[in-house]
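Remember, it's 1-based here, ligands and their atoms both numbered in the order they're listed. All residue numbers in this chain count up from 1 along the given sequence. Any value given below was found using the heavy atoms of this structure, including those in side chains, with hydrogens, waters and symmetry copies removed.
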Amino acid sequence: MSHPKFEQTLVVLKPDAIQRSLIGEIIKRFERVGLKMVGIKMFVPTGEFIEKHYTFDPSWKRKAGEKSIKGFLEKGIPAPTDNPLEAGERILDSLRAYLSSGPVIAMVWQGAHAVPLVRKLVGGTEPHSSDVGTIRGDFVLDSYVLSSGDNRSIRNLIHASGNEEEAEQEIPHWFSKHELIDYRLVQEAIIYE
Ligand code: CDP
Ligand code: MG
């Protein structure tokens, strides 16, 4: 097993993060916690590319649908459908449109516990209920009720791998091996040694 300091995770700044000029603000948070950027690129993804990204996990559609239905019920509002798979299918349709609507910035960040650490900094899926101090909690106000009412994806600025298995599937989808750089940051000596 490799040392935990080599753990890698995928982060994608979604089109709303670019359009709201939050690139530096978001990158700063990963830098200052002590993570190391090992790959970065900007491009406009196709709808097919986005669909593949979200369907590595065959149960994602159902889980995303369940989360969305729960978000409605917690607010005492009836969900548009009570079928998680149908809700998940709608989410995927709107994600395809949202994430291929303009440039995104994809990055790979490396460091100890990179996957859960980045999720902690990013915050929960729905900005309305994500914690204060997280990226989604601090810079955006969208809710499930607002986004489904307007028939679009929730604007939450950022994608981050949900667990190590997801990271292992997602990183090679976004980056080829030679686009990831193996180098030493001076600060690693004080963080790890
Ligand atoms: O991004 P995260 O891992 O927190 O959430 P997810 O459940 O894997 O869903 C992926 C993305 O789908 C979210 O980040 C949202 O952009 C979108 N989504 C949505 O628009 N509406 C929902 N009810 C659920 C997810
Ligand atoms: Mg996810």
> In terms of residue, atom name and distance, what is the protein heavy atom nearest to atom 18 (N) of ligand 1?
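For atom 18 (N) of ligand 1, the nearest protein heavy atom is Ile91 CG2, 3.5 Å.
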> Among protein heavy atoms, which lies nearest atom 7 (O) of ligand 1, and at what distance?
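That would be Lys67 NZ, 3.0 Å.
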> Looking only at protein heavy atoms, identify the closest one to atom 12 (O) of ligand 1 and say how far it is in Å.
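Closest protein heavy atom to atom 12 (O) of ligand 1: Leu95 CD1, 3.3 Å.
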> We want to know whether Gln169 and His53 form a side-chain donor-acceptor pair, criterion being a heavy-atom distance below 3.5 angstrom.
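Checked: Gln169/His53 side chains show no N/O donor-acceptor pair below 3.5 Å.
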> Counting heavy atoms only, which part of Lys14 comes closer than 4.0 Å to ligand 1: side chain, backbone, both or neither?
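Side chain only; the backbone of Lys14 stays clear of ligand 1.
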> Who's the nearest protein heavy-atom neighbour of atom 1 (O) of ligand 1, and how far?
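Minimum-distance protein heavy atom for atom 1 (O) of ligand 1 reads Arg136 NH2, 3.1 Å.
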> At what distance is the nearest protein heavy atom to atom 23 (N) of ligand 1, and which residue and atom is it?
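Looking at atom 23 (N) of ligand 1, the protein heavy atom closest to it is Ser68 CB, 3.1 Å.
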> Report the nearest protein non-hydrogen atom to atom 2 (P) of ligand 1: residue, atom name, distance rounded to 0.1 Å.
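For this ligand atom, the closest protein heavy atom is Thr125 OG1, 3.5 Å.
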> For atom 20 (O) of ligand 1, state which one of Ile154, Ile158, Val12, Asn156 supplies the nearest heavy atom.
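Heavy atom nearest to atom 20 (O) of ligand 1 belongs to Ile154.
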> Is the closest side-chain heavy-atom distance between Tyr54 and Arg96 below 4.5 Å?
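SC-SC contact between Tyr54 and Arg96 ruled out.
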> Please work out, at 4.0 Å between heavy atoms, whether the side chain, the backbone, both, or neither of Val122 comes within that distance of ligand 1.
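Val122 to ligand 1: no contact under 4.0 Å from either part.
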> Taking only residues two or more places apart in sequence, or in another chain, which ones meet Glu48 in a salt bridge (Lys or Arg N to Asp or Glu O under 4.0 Å)?
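Expected list: none.
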> Please work out whether any backbone atom (N, CA, C, O) or any side-chain heavy atom from C-beta onward of Glu66 is under 4.0 Å from ligand 1, and answer side chain, backbone, both or neither.
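Contact part for Glu66 vs ligand 1: neither.
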> Among Lys52, His159, Glu165, whose side chain to side chain contact (heavy atoms under 4.5 Å, CB included) with Glu170 holds?
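Going through the options one by one, the only one that passes is His159.
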> In terms of residue, atom name and distance, what is the protein heavy atom nearest to atom 3 (O) of ligand 1?
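Looking only at protein heavy atoms, the one closest to atom 3 (O) of ligand 1 is Arg119 NH1, 2.8 Å.
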> Taking the six-membered ring for Trp and the single ring otherwise, decide whether the centroids of Tyr144 and His128 are under 6.0 Å apart.
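That pair fails the under 6.0 Å test.
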> Just to verify, what does Lys75 make a salt bridge (Lys or Arg N to Asp or Glu O under 4.0 Å) with, not counting sequence neighbours?
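With sequence neighbours excluded, Lys75 shows a salt bridge (Lys or Arg N to Asp or Glu O under 4.0 Å) to Glu126, given in chain and number order.
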> With side chains defined as the heavy atoms from C-beta onward, is the minimum distance between Trp60 and Leu92 less than 4.5 Å?
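Yes; the side chains approach each other to less than 4.5 Å.
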> Could you verify whether a donor N or O on one side chain and an acceptor N or O on the other, from Thr81 and Asn83, lie under 3.5 Å apart?
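There is no such pair (donor and acceptor under 3.5 Å, judged by atom type) between the side chains of Thr81 and Asn83.
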> Which atoms of ligand 1 sit under 4.0 Å from any heavy atom of Ser153?
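Near Ser153, the atoms of ligand 1 are 20 (O).
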> Number the atoms of ligand 1 from 1 as they appear, then name those within less than 4.0 Å of a heavy atom of Tyr144, with their elements.
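Counting from 1, the qualifying ligand atoms are 22 (C), 23 (N), 24 (C).
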> Does a side-chain N-to-carboxylate-O contact under 4.0 Å join Asp57 and Lys63?
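Looking at Lys63 together with Asp57, the answer is yes, because their closest N to O distance falls below 4.0 Å.
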> For atom 6 (P) of ligand 1, grab the closest protein heavy atom and report residue, atom and distance to one decimal in Å.
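Nearest protein contact, heavy atoms only, for atom 6 (P) of ligand 1 is Trp60 NE1, 3.7 Å.
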